[in-house]
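Report on the following structure.
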Amino acid sequence: MSEVKNVKKYEFKAEVKKLLDILVHSLYTSREIFLRELISNASDALDKLRFEQNRGTEIIDNELPLEIKITFDEKNKILTISDTGIGMSHVEVITNIGTIAKSGTEEFAKMLSEVKGDIGNIIGKFGVGFYSVFMVAKEVVIKTKSYKKDEPAVEWKSDGLGDYEISELDENIKRGTTIIVHLKDDAEEFVQKWKLESVIKKHSNFISFPIYLDKEKINTVTAIWREPKSSIKKEQYDEFYKFLTYDNDPPMDVIHKSVDAPIQFNALLFIPKKSNELFFYDRENYGLDLYVRRVLIQHKNKDLLPEYLSFVKGVVDSEDLPLNISRETLQENVIFTKIASSVTSNILSYLIDKSKNDKVGYNEFWNEHGKIFKLGYMDFTNHEKYVELVRFNSSNCNDEKELVSFAEYVERMKEGQKEIYYIVGNNRSALLVDPHLEIFKNKGLEVLFLYDPVDEFVIQAIRKYKDYEIKSVQNVDLKKLNELKDVEEKKQDVEPLSVDDQKHFYSLLSKMKNILGDKVEDVVESKRLIDSASCLISKDETVSSQMKKILKMTKQDFMIDKKIMEVNPNHKLIRNLVKVFKKNSYDDFITLVTEQLYDSALLQEGNLEDPHKLIERLNKSLEQSSEWYTKINNLE
Ligand code: ADP
Ligand code: MG
């Protein structure tokens with residue numbers, strides 16, 4: 001027996017206490033995942049040790065086999081999991097087990113407390129797995145010895161309630177970690193062999209070190225990514241994917257590649273059905289597992305994937321990298337960077353095939369992962385593929401779920417059309433009634449709808465598709481547009497204004513400019529409007545009003561620039577206003593209408609800060625019109 005000295009008591013950090021409190025006092029259907037977490041920690045510790053061995057580091061008990069042993073004592077309800085991994089020093093036990101280093105832990109604990117039902121995959125994904133043992137344990141003892149020379153063995157003990165004890169043990173212990181779990185009375189199933197065996201097979205089958213349950217090896221230990229594609233069944237892929245991601249659903253897609261020249265590597269990649277629900281808590285948690293000749297070099301390596309493909313999960317394994325490669329210098333390794341760029345282009349090619357052969361599936365992919373994928377506009381190396389893969393909603397679609405590619409857009413272009421058009425707005429219903437679109441509807445021209453702020457960056461990065469420039473509807477050359485044929489008959493063919501009224505109309509425009517003063521740059525006759533009385537146009541077209549709104553939110557002193565107000569001389573309201581103006585150019589009604597038109601246009605583009613005046617004016621006009629209405633209908 002080892003002799004215990006220097007027992008010290010510590011309190012858990014506040015966030016750990018909170019987390020433990022949730023875990024200890026809740027009953028979850030998926031309690032069994034505690035075993036998966038302990039085995040995964042053991043496997044991590046073994047991976048780390050093997051990594052140090054490959055680097056030639058001096059290691060104590062170097063001859064020990066790398067393995068995980070699980071034993072159980074039915075009578076005393078004790079379950080023991082031990083590994084021959086790197087172990088922990090005294091200081092490491094305190095920092096690794098007593099605290100949670102991760103940021104966002106507090107939000108995470110809060111979220112856990114709100115989630116009902118299955119927390120198994122959330123715990124695993126967030127990486128606070130060790131504590132899940134307290135779902136089944138009334139006490140946990142850790143005995144551990146670091147691989148480093150001269151580090152004493154350490155014992156850690158806790159009931160998971162508020163504090164833990166640490167003490168140093170004598171030298172008898174071999175390198176590695178043993179976790180002794182004293183089970184709660186209601187968790188005795190975890191000292192039954194069949195139960196343990198089924199849990200290990202279910203969650204830990206692909207661990208790359210042997211797992212012995214009472215001397216019997218339980219897991220299969222195959223690197224399925226190195227097997228020929230034809231020999232692997234869908235169920236095996238699904239099983240491996242679940243093992244890798246803790247996802248409950250099978251993957252949306254499996255990409256299994258074996259590349260031999262110029263550089264040998266195998267990649268087994270998955271696209272999940274759902275995008276990461278923890279994205280905001282856990283933005284950094286992505287990457288592919290990198291193996292060299294079946295030996296894990298790094299979990300979640302981020303340099304194998306650009307961020308815009310961060311939804312892809314999986315492993316990459318190469319024969320051509322040295323086993324003793326250091327993680328720090330990976331990025332500078334030419335072979336590694338070639339593998340990384342080949343992985344990216346393989347994923348993009350896969351997606352291009354999918355978009356051609358399985359449109360429905362591709363749309364599902366886009367609606368789930370498009371938000372992240374879009375960020376690929378910065379990947380200039382793969383620009384051509386990216387452009388083919390981008391999707392937008394458009395005026396041509398039947399609803400907001402339908403998607404359009406540039407290729408499809410171009411195929412449908414009208415005779416004489418030389419540009420691709422887009423408009424920015426909050427949602428489809430707002431854009432469908434946007435006055436800027438009227439002339440496009442009239443000419444039967446398709447317009448891409450951009451709802452997401454990122455879309456504008458995407459468009460600006462693409463700029464041109466084939467020979468067609470991509471232009472904002474606000475930025476079009478109206479003369480060129482007017483040369484194109486109308487597809488719809490103008491609804492009410494209005495008589496043009498008489499020469500005399502034309503003059504009054506222009507005076508009315510300057511009057512309106514006076515009323516609005518500094519709020520607008522100018523008030524001018526519109527050549528684009530058909531159904532609406534007026535609209536606002538930006539003078540500086542490179543930045544849309546939507547984008548300016550964002551800039552204004554981030555930079556307080558950013559001024560939304562002055563707009564030009566366009567007025568439709570053929571609109572009934574404006575015709576009537578000309579009549580009023582002719583009679584009395586100082587009539588208050590002109591002020592009321594002008595201000596109202598301006599505010600409505602602001603409201604439409606989402607830039608009206610205070611709607612009170614607009615409502616006041618609206619109510620006033622309703623009151624007036626009710627009087628006219630009663631008069632006309634002889635209701636007095
Ligand atoms: P994670 O595994 O995501 O880091 P855990 O809560 O599962 O989070 O474990 C916390 C830390 O405790 C690990 O990162 C590791 O440093 C340490 N640890 C846990 N189990 C072992 C073990 N068997 N051997 C060595 N270190 C371990
Ligand atoms: Mg863990």
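Order of listing sets the numbers, starting from 1, for every ligand and every atom in it.
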Please check whether Met88 reaches ligand 1 - meaning an N/O of the residue sits under 3.5 Å from an N/O of the ligand, judged on distance alone.
no
Side chain, backbone, both or neither: which part of Ile179 comes within less than 4.0 Å of ligand 1 when only heavy atoms are counted?
neither
Just wondering, is there an N, O or S atom on Asn41 that's nearer than 2.8 Å to the Mg ion (ligand 2)?
yes
What atoms of ligand 1 come within less than 4.0 Å of a heavy atom belonging to Ala45?
24 (N), 25 (C)
To atom 15 (C) of ligand 1, the nearest of Asn96, Ile142, Ile68 on a heavy-atom basis is Asn96
Residue selection (non-hydrogen contact nearest atom 19 (C) of ligand 1) among Leu19, Asn41, Thr84, Val16:
Asn41
Compute the shortest N/O to N/O distance between Asp44 and ligand 1 and return yes if it is under 3.5 Å, no if not.
no
Charged N to carboxylate O below 4.0 Å: is that the case for Glu388 and Lys385?
no
Check the pair Glu319, Phe265 against side chain to side chain contact (heavy atoms under 4.5 Å, CB included), reporting the backbone distance first and the verdict last.
CA-CA 6 Å; Glu319 292 280 326; Phe265 73 89; over 6 Å; no
Within the 4.0 Å heavy-atom cut-off, what Thr144 brings close to ligand 1 is neither
Pair Tyr308-Tyr377, ring-ring contact (aromatic ring centres under 6.0 Å, His included): steps then yes or no:
CA-CA 9 Å; Tyr308 74 96; Tyr377 68 86; 9.4 Å; no
If you measure from each heavy atom of Glu37 to ligand 1, is any distance below 4.0 Å?
no
Check step by step if side chain to side chain contact (heavy atoms under 4.5 Å, CB included) holds for Ser43 and Phe209.
CA-CA 7 Å; Ser43 168; Phe209 299 95; 3.9 Å; yes
Using only heavy-atom distances, determine whether the side chains of Asp247 and Tyr241 contain a donor-acceptor pair under 3.5 Å.
yes
Distance under 6.0 Å and angle within 45° of the ring axis: does Arg36 meet both against Tyr246?
yes
Can you tell me which residue among Ile81, Ile179, Thr80 is in a side chain to side chain contact (heavy atoms under 4.5 Å, CB included) with Ile70?
Ile81
Where ligand 1 meets Ile97 - atom numbers and elements under 4.0 angstrom, heavy-atom basis:
12 (O)
I'd like to know whether ligand 1 has Ile86 as a neighbour, heavy-atom separation below 4.0 Å.
no
Check this for me: does any side-chain nitrogen of one of Lys374 and Asp455 sit under 4.0 Å from a carboxylate oxygen of the other?
yes
